[in-house]
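Here the structure is laid out as structure tokens; the discussion comes afterwards.
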Amino acid sequence: MTLRMLCSLVLLTVLSSAMASAADPPMTLQLAYVDVDSAPFQLGRGPEVADPPGISVEMVQRAVSDAGLKLQLQRVPQLRMLHLLETGKIDGAFIFSYNEDRAKRFAYPMLGDKPNASLRATHIRYRLYRRVGSPVNWDGRQFEQLDGPIGANKGWVIVSTLRDMGLAVDDGAPDHPGNFAKLRLGRVAAMAALEPSADSYLQIEGITDVEKVGPPLTSRDYFLLFSRAFVASHPELAERIWQKLALIREQSETALYRKYQTTLPPRTGSPVPEKKP
């Protein structure tokens with residue numbers, strides 16, 4: 001074989017490989033999020049992706065697209081979603097705060113031995129809600145005149161936080177409608193909930209006999225999690241998606257909040273009252 005023929009063969013092989021790679025479809029990332037409404041972050045109920053879907057869903061969709069991947073989304077109850085993630089049946093799930101138990105089972109974006117706050121999806125505060133006229137209070141260190149359990153959405157991290165404080169928690173309902181109904185009926189003494197989504201629900205429903213009280217119960221960063229199997233197989237890809245999500249959050253989160261203020265159904269109530277100290 002002449003040198004010219006050898007060079008031609010090498011070139012043909014390189015071109016064929018490049019064409020095959022170009023023809024390969026982009027990888028599909030399988031992500032899940034909860035099937036209950038948590039406006040404005042995740043809208044709608046049930047297995048279907050809502051239109052519009054919510055702030056966190058939009059940001060994740062953009063991040064995956066910017067990373068050059070296709071996205072397959074599913075909505076399932078939270079505990080089932082975490083089981084699917086732990087067993088590697090899905091690649092990732094969102095949005096979740098950090099705790100040590102989850103860190104043993106799932107992959108967070110880390111900086112040393114701590115979650116990397118710069119790669120968070122968002123930052124959310126938990127607040128305490130009570131019936132208007134109730135004496136229940138939270139001063140930032142302890143609860144006052146708490147005469148019953150605190151309601152909280154099933155599976156949310158605030159449940160374990162409150163129980164670790166020695167408090168009784170009723171987490172029998174998975175969403176705001178069930179838990180705020182219990183609060184208004186006096187079946188729980190107070191309700192611990194994510195501030196933006198709880199405020200949104202109360203305003204949309206025109207509920208005016210519930211108010212926020214005290215400083216935040218806790219304030220947390222929330223993340224897109226990946227399964228350990230996915231990160232072990234695709235560490236650079238996981239990092240790229242986290243980086244894309246952080247960039248989108250920095251550039252677009254404020255605008256998305258404004259968008260969803262006008263996109264959500266008309267509010268029948270006034271802003272959620274807050275008891276001033």
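Keep in mind that this is a model prediction, so the values were computed, not measured. When a residue number appears, it is its place in the shown sequence, counting from 1. Computed from heavy atoms alone, side chains included, the values below leave out hydrogens, waters and symmetry copies.
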Return the OG to CD1 distance between Ser97 and Ile95, rounded to the nearest 0.5 Å. 9.5 Å
Close side-chain approach of His123 to Ser219, heavy-atom, < 4.5 Å: yes
Before giving the answer on side chain to side chain contact (heavy atoms under 4.5 Å, CB included), spell out for Arg184 and Val210 the whole-Å C-alpha distance, their side-chain angles and the decisive distance to 0.1 Å. CA-CA 8 Å; Arg184 299 176 75 197; Val210 170; 4.0 Å; yes
Distance, nearest 0.5 Å, that separates OG of Ser227 from CZ of Arg105: 12.5 Å
Common cluster, Leu31/Val231, ILVMFWY with side-chain heavy-atom separation under 4.5 Å: yes
Name each donor-acceptor pair under 3.5 Å that joins a side chain in residues 161-173 to protein atoms two or more places apart or in another chain, with its distance.
unit_1 : atom_1 : unit_2 : atom_2 : d
Thr161 : OG1    : Val157 : O      : 3.2
Thr161 : OG1    : Arg220 : NH2    : 3.2
Arg163 : NH2    : Val169 : O      : 3.2
Arg163 : NH2    : Asp171 : OD1    : 3.2
Asp170 : OD1    : Gly172 : N      : 3.0
Asp170 : OD1    : Lys182 : NZ     : 2.9
Asp170 : OD2    : Lys182 : NZ     : 3.4

Check whether the side chains of Asp175 and Asn153 place a donor and an acceptor atom closer than 3.5 Å, and report yes or no. no
Main-chain N/O of Arg249 paired with Ser252 side-chain donor or acceptor, under 3.5 Å: no
Are any of the side-chain heavy atoms of Val34 and Met81 separated by less than 4.5 Å? yes
Checking the side chain of Thr87 only, and the main-chain atoms of His83 only, is there a donor and an acceptor separated by less than 3.5 Å? yes
Arg228 side chain to Lys104 main-chain N or O, any donor-acceptor pair under 3.5 Å? yes
On a heavy-atom basis, which atom in Thr28 and which in Leu71 lie closest, and how many Å separate them? CG2-C, 4.4 Å
Would you check if Lys154 and Val159 make a side-chain contact, meaning some heavy-atom pair closer than 4.5 Å? no
How far apart are the C-alpha atoms of Val49 and Tyr33, what are their side-chain angles, what is the distance that settles it, and do they pass the side chain to side chain contact (heavy atoms under 4.5 Å, CB included) test? CA-CA 10 Å; Val49 176; Tyr33 65 105; 3.5 Å; yes
If every non-hydrogen atom of Ile150 is compared with every non-hydrogen atom of Ala192, which pair is closest and at what distance? CG2-N, 3.8 Å
Could you check Leu237 against Met27 for side chain to side chain contact (heavy atoms under 4.5 Å, CB included), going step by step and ending with a plain yes or no? CA-CA 11 Å; Leu237 183 55; Met27 176 181 173; 3.7 Å; yes
Side chains of Asp199 and Lys212 in contact at under 4.5 Å (non-hydrogen atoms): yes
Does CD belonging to Glu250 count more than 12 external heavy atoms closer than 6.0 Å? yes
Would you give the length of the straight line joining atom OH of Tyr126 to atom OG1 of Thr218, rounded to the nearest 0.5 angstrom? 8.5 Å
Taking only Lys NZ, Arg NE, NH1 and NH2, and the carboxylate oxygens of Asp or Glu, determine whether Arg130 and Glu211 approach each other closer than 4.0 Å. yes
Quick one: does Arg131's side chain have a donor or acceptor within less than 3.5 Å of a partner on Ala190's backbone? no
Output yes when Arg45 and Asp35 qualify as a salt bridge under the 4.0 Å nitrogen-oxygen rule, no when they do not. no
Is the shortest side-chain N to carboxylate O distance from Arg62 to Glu58 below 4.0 Å? yes
Show, in sequence, the C-alpha distance, side-chain angles and deciding distance for Lys70 and Val64, and conclude whether the side chain to side chain contact (heavy atoms under 4.5 Å, CB included) test is met. CA-CA 7 Å; Lys70 287 187 175 181; Val64 172; over 6 Å; no
State plainly whether one hydrophobic cluster holds both Ile248 and Phe96, where clusters connect Ile, Leu, Val, Met, Phe, Trp and Tyr through side-chain heavy atoms under 4.5 angstrom apart. no
Quick one: closest heavy-atom pair of Thr122 and Tyr257, and the distance? OG1-OH, 4.2 Å
Do Leu119 and Leu245 make a side-chain contact, defined as non-hydrogen atoms from C-beta onward lying under 4.5 Å apart? no
Side-chain heavy atoms nearer than 4.5 Å, only ILVMFWY residues, links allowed to pass through others: does that put Leu69 and Leu224 together? yes
Are Phe41 and Tyr260 close enough, and set up right, to give a ring-ring contact (aromatic ring centres under 6.0 Å, His included), and what steps lead you there? CA-CA 9 Å; Phe41 302 99; Tyr260 278 89; 9.5 Å; no
Quick one, Tyr129 and Ile207 - any side-chain contact, counting heavy atoms below 4.5 Å? no
Flag yes if Leu73 and Trp242 sit in one hydrophobic cluster, no otherwise; membership is Ile, Leu, Val, Met, Phe, Trp, Tyr, and two members link when side-chain heavy atoms are under 4.5 Å apart. yes
Parallel, tilted or perpendicular: which describes the rings of Tyr201 and His176, with under 30° parallel and over 60° perpendicular? tilted
Ion pair present between Arg120 and Asp221, side-chain N to carboxylate O less than 4.0 angstrom? yes
Specify the closest pair of heavy atoms between Lys89 and Gln30, including all atoms of both residues, with the distance to one decimal. O-OE1, 3.8 Å
Keeping Asp37 on the side-chain end and Gly44 on the backbone end, is there a donor-acceptor pair under 3.5 Å? yes
Does Ile241 reach the side chain of Leu29, with side-chain heavy atoms less than 4.5 Å apart? yes
Roughly how far apart are Leu85 CG and Ile90 CD1, rounded to 0.5 Å? 5.0 Å
Can you give me the closest heavy-atom contact between Pro115 and Phe223, atom names plus distance? CB-CZ, 3.6 Å
To the nearest 0.5 Å, what is the distance between CG (Asp66) and CE (Met59)? 13.0 Å
Could you check whether any side-chain N or O of Ser65 sits under 3.5 Å from a backbone N or O of Gln61, counting only pairs where one atom can act as donor and the other as acceptor? no
Within one Ile-Leu-Val-Met-Phe-Trp-Tyr cluster: Tyr98 and Phe94, side-chain cutoff 4.5 Å: no
Other residues, nucleotides and ligands only: do more than 12 of their heavy atoms fall within 6.0 Å of CD on Glu48? no
Of all the heavy-atom pairs spanning Leu84 and Gln74, show the shortest one and how long it is. CD1-OE1, 4.2 Å
At what distance, to the nearest 0.5 angstrom, does CG of Leu43 lie from CG of Asp51? 10.0 Å
Would you call Glu86 and Phe106 a side-chain contact if the rule is heavy atoms closer than 4.5 Å? yes
